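Notes follow once the structure below has been shown.
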2 protein chains.
Amino acid sequence: MTKTMDRHQLPNSRKRAKNAAPTSQARFRSGAAPTLAESEYEKLRDRIISMELLPGVAISETELAAQSGVSRTPVREAVLRLAREDLVEVAPKSGTFVARIPVSVLPEALIARRALEGVTAGAAAQYASRSQVLELYALLERQKEFADQGNFDGFHVSDEAFHQKIAEIGRLPGLWIMVQQVKIQIDRFRRLTLPEPGRMSMALAEHIDVVSAIESKEPESARQNMEIHLNGLQLHIKNVVDAHPDFFIHDADLNDLVNV
Amino acid sequence: MTKTMDRHQLPNSRKRAKNAAPTSQARFRSGAAPTLAESEYEKLRDRIISMELLPGVAISETELAAQSGVSRTPVREAVLRLAREDLVEVAPKSGTFVARIPVSVLPEALIARRALEGVTAGAAAQYASRSQVLELYALLERQKEFADQGNFDGFHVSDEAFHQKIAEIGRLPGLWIMVQQVKIQIDRFRRLTLPEPGRMSMALAEHIDVVSAIESKEPESARQNMEIHLNGLQLHIKNVVDAHPDFFIHDADLNDLVNV
DNA sequence: CTAGTATATCTAATATACAAGTTAATGCCG
DNA sequence: CGGCATTAACTTGTATATTAGATATACTAG
């Protein structure tokens, strides 16, 4: 055994048992003091998702570190994390780049989302209390306000809150987490297009149908209405890809790279 | 601009354009030379999932590094990645521990899996070619062989291959990736229980029903049969949690920790 | 002028060093 | 003997230094 473990091996010590869970009070930062790495992650992530940093642009760990006034270590942690989320591509020993959007994941993401949120809507119809239904109506009203203002960003934010609330009511918050992860590339894609006119009022009407089914405790109907709603999000992928070919990566490319 | 970027700023250089995607041949390692951090990740991950390292036991970055003969840096990368996957819990400045299994994610994971694989089965029924159906029957035969031998590990491996194949046939490989992620805690849980007698032949029969529906190109039936199959995996959560209370963490605990 | 090769200079990957915080043993004091 | 401040020894978080690989430029030969 290594000498560094001396204290833990003291025979009659009140040491923490080998398989004891940690007991500290200060564990699991609630949101008070985010670590530097976390801050770097969020900053870079937001810049990528918002399309401030366009797909393909080079990013240097050293430069990011200098800009933030921290060392490379937390920056690197952030970059590695983003690489796993397919938001950056790192070429070993060469460079790191904002990831291009993999076109093949877009339809799959829509399908996965529809499957997951169909379930949350059905579960919500099963469990919703009266007060929760009223909360949903409140969210719908807020969306209507944003729609009337033509405030698309505001609408999008409250739309997210609406979908999250349904998952929460259905007692499946974990599914919403999954949906969020799957939505990331879709959100990037969306930034490349202008919202279609009438999209907001359309979505709002579909939301109302979902809530109606939840209110009348009809899980199957809620599920169907949610799936209908999410079908409405169909993307015109080809047009956008043709307009910005450099921003996308096709599966064939990936395969070419992997299969040497 | 910083002096370190000199080369990239040479005016008439054939430098890589600012937003040019990387062009290297050597990018995206295919599997040839895994990085040290990756190796450490896989090693530690396997030890946790296999329950060789039980929930709650302390792990020290320094010690792991010494054991592997590498520095703390790649070990730390692995630990951070595992923390994001809820396979380790890190208490800042205090210690890192093999994560306890969050009981609340278990039912959610089953629900998510059912939703996702219901979709893949339906899509497989839509797209399956004759040769692909034959591949599925081959996998079924292999499972039968393992079942006859009473080889549970082998059965489990070929079971995974079966489910993956269906996603592949349905042209939704990404959904299988999601299922794999969601399955992790369930697999850890399973290691705490003995397989019920007759479970393998039961699962095999259910698999056959799924393939039958795929073969006859009945998406809805394939979906239902897959969902029935996954319902059969219901876990006796309470019994196991009571038998190993230290291996689990309840939502209430998490909330207590977060809400200061 | 072009193709091939060396070399300079960038990059990320890893190693090492240091800082900041937590935990538990210890010794003092009642 | 029991409770509390002290403190030593551990932990993770961050910074810096080193190593090694990839790419663009400079150079050379034809």
Side-chain angles (χ1 to χ4, degrees), chain A residues 1-17 20-29 32-40 58-66 68-80 82-83 88-97, chain B residues 1-17 20-29 32-41 58-66 68-80 83 88-97:
Chain A
M1 280 298 181
T2 68
K3 184 161 171 296
T4 60
M5 294 294 286
D6 276 349
R7 183 173 58 87
H8 282 324
Q9 294 175 349
L10 293 181
N12 59 352
S13 69
R14 267 188 282 126
K15 74 181 175 190
R16 179 162 53 206
T23 58
S24 159
Q25 320 85 318
R27 288 172 53 235
F28 305 131
R29 59 188 83 255
T35 184
L36 290 183
E38 255 175 295
S39 306
E40 292 305 311
I59 51 188
S60 156
E61 293 180 2
T62 312
E63 205 170 335
L64 288 175
S68 295
V70 300
S71 84
R72 264 190 57 207
T73 307
V75 172
R76 179 171 171 75
E77 283 183 18
V79 167
L80 289 170
L82 291 166
V88 306
E89 309 174 27
V90 29
K93 313 293 179 93
S94 173
T96 303
F97 307 84
Chain B
M1 282 295 181
T2 67
K3 184 161 170 298
T4 59
M5 295 294 284
D6 277 349
R7 182 174 61 87
H8 283 323
Q9 293 176 349
L10 292 180
N12 58 352
S13 69
R14 269 187 281 128
K15 73 180 177 192
R16 179 163 54 206
T23 58
S24 161
Q25 321 85 319
R27 289 174 51 234
F28 305 133
R29 60 188 81 258
T35 185
L36 291 183
E38 254 174 294
S39 306
E40 292 304 311
Y41 166 77
I59 51 188
S60 156
E61 293 179 3
T62 313
E63 205 171 337
L64 289 175
S68 296
V70 300
S71 82
R72 259 190 62 206
T73 306
V75 171
R76 180 171 170 76
E77 282 183 20
V79 167
L80 290 170
V88 306
E89 310 174 26
V90 28
K93 312 293 181 89
S94 174
T96 303
F97 307 84

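These figures come from a predicted structure and were not determined experimentally. Letters go in sequence order (proteins before strands), and every chain restarts at 1.
Residue A:Ser60 holds its OG atom at 8.0 Å from CZ of A:Arg72, rounded to the nearest 0.5 Å. Interatomic distance, B:Thr62 OG1 to B:Arg76 CZ, rounded to the nearest 0.5 Å: 10.5 Å.
Of the residues in residues 69-79 of chain A, A:Arg72, A:Arg76 come within less than 4.0 Å of DNA chain C through at least one heavy atom, sorted by number.
Note: CD (B:Glu63) to C1' (D:dT12) measures 15 Å, nearest angstrom. Atoms CD (A:Glu40) and P (D:dG13) sit 16 Å apart, rounded to a whole Å. In this structure, A:Glu61 atom CD and D:dT16 atom P are separated by 15 Å, rounded to whole Å. Taking atom CD on A:Glu38 and atom P on D:dT12, their separation rounds to 17 Å, with Å as the unit. In this entry the distance linking CD of B:Glu89 with P of D:dT11 reads 18 Å, nearest Å. Here D:dG21 presents its P atom at 5 Å from NZ of A:Lys93, a figure rounded to the nearest Å. We find that CZ of B:Phe97 is positioned 9 Å from P of C:dT23, with the value rounded to whole Å. At whole-Å resolution of the value, CD1 in A:Ile59 and P in C:dT11 are 12 Å apart.
Nearest heavy atom pair, residue B:Glu40 against residue B:Pro74, reads CB-O, 4.2 Å. The two atoms that bring B:Ile59 and B:Val88 nearest to each other are CD1-CG1, 3.9 Å, heavy atoms only. The heavy-atom pair separating A:Ala83 from A:Val90 by the smallest distance is CB-CG1, 3.9 Å. Heavy-atom minimum distance, B:Val75 versus B:Glu61: CG1-O, 3.7 Å. Minimum heavy-atom separation, B:Ala37 to B:Ala78: O-CB, 4.0 Å.
Within the structure, a side-chain polar atom (N or O) of B:Thr96 is placed less than 4.0 Å from OP1 or OP2 of D:dT12. Under 4.0 angstrom from either OP1 or OP2 of D:dT14 there lies at least one side-chain N or O belonging to A:Thr35.
Counting only distance, with no hydrogens or angles, the side chain of A:Ser71 and the backbone of A:Thr73 share a donor-acceptor pair below 3.5 Å.
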Show the distances under 3.5 angstrom between N or O atoms of the protein and N or O atoms of nucleotides 5-7 of chain D.
none

